[in-house]
Undergrad: 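Attaching a single structure in structure tokens format; questions to follow.
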Amino acid sequence: MDDGSGTGHPDGAVTIDDLLYFLGAYEGGTIAADLDDGSGLGHPDGAVTIDDLLFFLAHYEGGC
């Protein structure tokens, strides 16, 4: 999600920068944090909810 610049430019690696960027977007309720609609399939739904956080954490932990 982020290359360490804080601008949301991906770099192809899963690092702490991605986690920090996502958490900032999630806390702010920005569209960048809308990753999943609760289905677990990665379909955004226009809302930032716990489903987005859980989806992100599962994929972050898996390294992708």
Side-chain angles (χ1 to χ4, degrees):
M1 294 192 82
D2 189 61
D3 59 7
S5 66
T7 58
H9 289 71
D11 61 2
V14 178
T15 67
I16 190 70
D17 297 317
D18 302 303
L19 177 61
L20 295 175
Y21 179 81
F22 177 79
L23 291 176
Y26 181 79
E27 183 179 349
T30 65
I31 199 69
D34 180 20
L35 303 178
D36 190 59
D37 59 5
S39 67
L41 300 175
H43 298 284
D45 60 1
V48 178
T49 66
I50 190 70
D51 298 316
D52 302 304
L53 177 61
L54 296 174
F55 183 83
F56 177 84
L57 291 176
H59 284 82
Y60 180 79
E61 184 179 290
C64 55

Undergrad: Using every non-hydrogen atom in the two residues, find where A25 and A32 come nearest and quote the distance to one decimal.
TA: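 Scanning both residues, the minimum pair turns out to be CB-CB, 4.1 Å.
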Undergrad: Sequence neighbours left out, what passes side-chain contact (heavy atoms from CB on, under 4.5 Å) with A47? Give chain and number order.
TA: D45, T49
Undergrad: Give me the atom names and distance for the closest heavy-atom approach of S5 to D3.
TA: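 Closest approach of S5 to D3, heavy atoms only: OG-OD1, 2.6 Å.
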Undergrad: Holding to side chain to side chain donor-acceptor pair (under 3.5 Å), I want the full list of residues that pass it with D34, two or more places apart in sequence or in another chain.
TA: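 For D34, no residue satisfies side chain to side chain donor-acceptor pair (under 3.5 Å) once neighbours in sequence are set aside.
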Undergrad: Sequence neighbours left out, what passes side chain to side chain donor-acceptor pair (under 3.5 Å) with H9? Give chain and number order.
TA: T7
Undergrad: Running the 4.5 Å side-chain criterion over Ile, Leu, Val, Met, Phe, Trp and Tyr, what cluster does I50 land in, apart from itself?
TA: M1, V14, I16, L19, L20, Y21, F22, L23, Y26, L35, V48, L53, L54, F55, F56, L57, Y60
Undergrad: According to ring pair (Phe, Tyr, Trp, His ring centres under 6.0 Å), does anything in residues 28-53 pair up with another residue at least two apart or in another chain? List the pairs.
TA: none
Undergrad: Between D36 (side chain) and D52 (backbone), is there a donor-acceptor pair under 3.5 Å?
TA: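 The answer is no, because no donor-acceptor pair under 3.5 Å joins these two groups.
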Undergrad: Between D37 (side chain) and P44 (backbone), is there a donor-acceptor pair under 3.5 Å?
TA: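 No; zero donor-acceptor contacts below 3.5 Å.
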